[in-house]
Q: 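Here it is, the structure, as structure tokens.
No hydrogens, no waters, no symmetry mates; every other heavy atom, side chains included, goes into these values.
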Amino acid sequence: MTSLTWTRRRASMARFWRQYRRRRAGLYGLGALVLIALVALAAPLLVGGDVRSVTDAPGTALESPSGRFPLGTDQFGRSLLGLLLWGARVSLAVGLLAAALSVAIGTLIGILAGHFGGWFSTIAMRVTDWFLVMPALVLATVLSRSVWTVILAIGVTSWPTTARLVRAQTIAVESRPYIERAKALGGGHRHIMSRHVLPNVMPLVLSQTTLCISSAILTEATLAFLGLGDPTVVSWGGMLQDAREAGAVSSGHWWYLAPPGIAIAVVALAFTLCGRAIETVLNPKLGVGR
């Protein structure tokens with residue numbers, strides 16, 4: 001049985017990849033993400049950890065792009081290219097972890113609310129509405145400034161959308177005849193939710209995760225730009241905050257602002273393209289007429 005299960009899973013993954021490859025935009029997004037992830041992982045080898053040092057900066061303050069510093073330097077004389085590569089590690093890590101926390105909470109609340117219904121669903125949805133209007137800025141302001149605070153603030157405040165989508169999908173799944181048969185055969189709440197509901201909502205959860213990562217990276221950049229991130233950690237949002245404090249906008253030092261801003265936009269776009277492609281593959285109805 002185990003061998004048969006794995007064979008079916010491999011066949012399903014192969015079928016998914018064949019369909020995904022037909023989405024050119026999704027392939028472009030996936031290629032960009034793989035390249036950025038490899039660069040982030042190799043950052044210690046490419047630029048070294050001393051690129052973050054303020055006291056041992058190799059250049060002078062706010063040098064324009066040159067052969068020695070392709071993207072120029074910051075107000076401390078550090079290479080912006082090195083900071084950009086190093087900052088990818090933090091920005092991607094925050095996006096992935098915050099999105100994982102958000103999707104986990106949203107999936108759990110959505111399945112429970114959709115399965116039990118009644119007063120439990122009503123209370124759960126009212127709590128969801130409350131978190132829906134609470135921005136991550138609130139938690140990031142009252143908690144200590146650290147990367148984990150940013151991850152917690154984004155994850156705890158961005159799950160309502162996932163919860164609502166999963167709840168609606170759970171209600172649709174539980175209206176199918178085989179759920180009634182499973183209940184008639186003695187299937188309990190845990191069995192129904194874990195063996196029947198969860199596998200059917202996972203495609204929605206997967207596509208939602210890629211979109212949440214994009215949103216989480218943008219939110220992290222916003223919090224860091226507002227000065228609510230960890231000042232000792234290099235991230236793309238932190239680079240924008242440093243550029244603002246250095247007066248790059250008024251002084252015309254475009255090379256200080258453009259690289260991190262473009263990097264954030266490219267990663268957010270890449271995750272969005274992957275998410276849309278996954279959503280189209282898992283829900284063929286979305287591709288009708290395209």
Side-chain angles (χ1 to χ4, degrees), residues 1-20 26 95-132 152 154-216 271-272 274-288:
M1 181 63 68
T2 303
S3 177
L4 179 60
T5 301
W6 280 108
T7 300
R8 289 178 175 176
R9 289 180 179 177
R10 285 195 295 268
S12 178
M13 290 299 297
R15 184 167 57 253
F16 170 83
W17 175 242
R18 286 196 302 270
Q19 295 177 2
Y20 186 92
L96 290 171
L97 294 176
L101 177 60
S102 171
V103 170
I105 297 174
T107 301
L108 178 62
I109 299 297
I111 290 179
L112 291 175
H115 176 76
F116 289 105
W119 63 267
F120 181 85
S121 178
T122 301
I123 294 176
M125 288 301 99
R126 297 298 75 78
V127 173
T128 300
D129 292 339
W130 185 76
F131 275 97
L132 195 62
L152 181 64
I154 297 174
V156 170
T157 58
S158 60
W159 58 265
T161 301
T162 302
R164 286 184 169 276
L165 292 173
V166 171
R167 173 181 174 270
Q169 185 69 9
T170 300
I171 294 174
V173 169
E174 295 212 358
S175 65
R176 298 172 183 173
Y178 68 85
I179 298 294
E180 294 296 329
R181 288 196 296 267
K183 292 179 180 179
L185 292 173
H189 296 300
R190 181 177 179 181
H191 175 82
I192 297 297
M193 288 187 290
S194 62
R195 295 298 183 88
H196 298 289
V197 176
L198 184 59
N200 281 281
V201 301
M202 280 306 295
L204 174 64
V205 171
L206 180 60
S207 61
Q208 183 66 16
T209 299
T210 57
L211 299 178
C212 286
I213 295 174
S214 172
S215 177
F271 272 113
T272 301
C274 289
R276 295 303 183 191
I278 292 173
E279 191 176 21
T280 304
V281 171
L282 297 178
N283 187 1
K285 294 180 180 180
L286 297 177
V288 174

Q: Identify, with sequence neighbours excluded, every residue that meets ring pair (Phe, Tyr, Trp, His ring centres under 6.0 Å) alongside H189.
A: H115, F116
Q: Give a yes or no answer on whether the side chain of S207 reaches the backbone of I278 with a donor-acceptor pair at less than 3.5 Å.
A: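 Pair absent, no side-chain N/O of S207 close to backbone of I278.
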Q: Could you check whether any side-chain N or O of T128 sits under 3.5 Å from a backbone N or O of A124, counting only pairs where one atom can act as donor and the other as acceptor?
A: yes
Q: Is the closest side-chain heavy-atom distance between F120 and L112 below 4.5 Å?
A: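 They are in contact (side-chain heavy atoms under 4.5 Å apart), so the answer is yes.
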Q: Rounded to the nearest 0.5 Å, what separates atom CD1 in I111 from atom CD in E174?
A: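 One gets 9.5 Å once the value is rounded to the nearest 0.5 Å.
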Q: Taking T107 for the side chain and A104 for the main chain, is one N or O donor matched with an acceptor at less than 3.5 Å?
A: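 No; judged by distance alone, with no hydrogens or angles, the pair does not exist.
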Q: I need the I213 CD1 to L96 CG distance, nearest 0.5 Å.
A: 4.5 Å
Q: Please check this pair: side chain of T122 against backbone of G118, looking for a donor-acceptor N/O pair closer than 3.5 Å.
A: yes
Q: Hey, is CZ on R190 packed in by over 12 heavy atoms from elsewhere, all under 6.0 Å?
A: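 No.
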Q: Output the distance between atom OG1 (T162) and atom CG (L204), rounded to the nearest 0.5 Å.
A: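 Reported value, rounded in 0.5 Å steps: 8.0 Å.
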Q: Could you list the donor-acceptor pairs under 3.5 angstrom formed between side-chain atoms of residues 175-186 and any protein atom two or more places apart in sequence or on another chain?
A:
from, atom 1, to, atom 2, distance (Å)
S175, OG, A172, O, 2.6
R176, NH1, N200, OD1, 3.4
Y178, OH, N200, ND2, 3.1

Q: Ignoring hydrogens and geometry, is there a side-chain-to-backbone donor-acceptor pair from Y20 to G26 under 3.5 Å?
A: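 Confirmed, Y20 side chain pairs with G26 backbone.
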Q: Between W159 and V156, is there a donor-acceptor pair closer than 3.5 Å when you use the side chain of the first and the backbone of the second?
A: yes
Q: Check the side chains of R167 and S121 for a donor-acceptor pair under 3.5 angstrom, ignoring hydrogens and angles.
A: yes
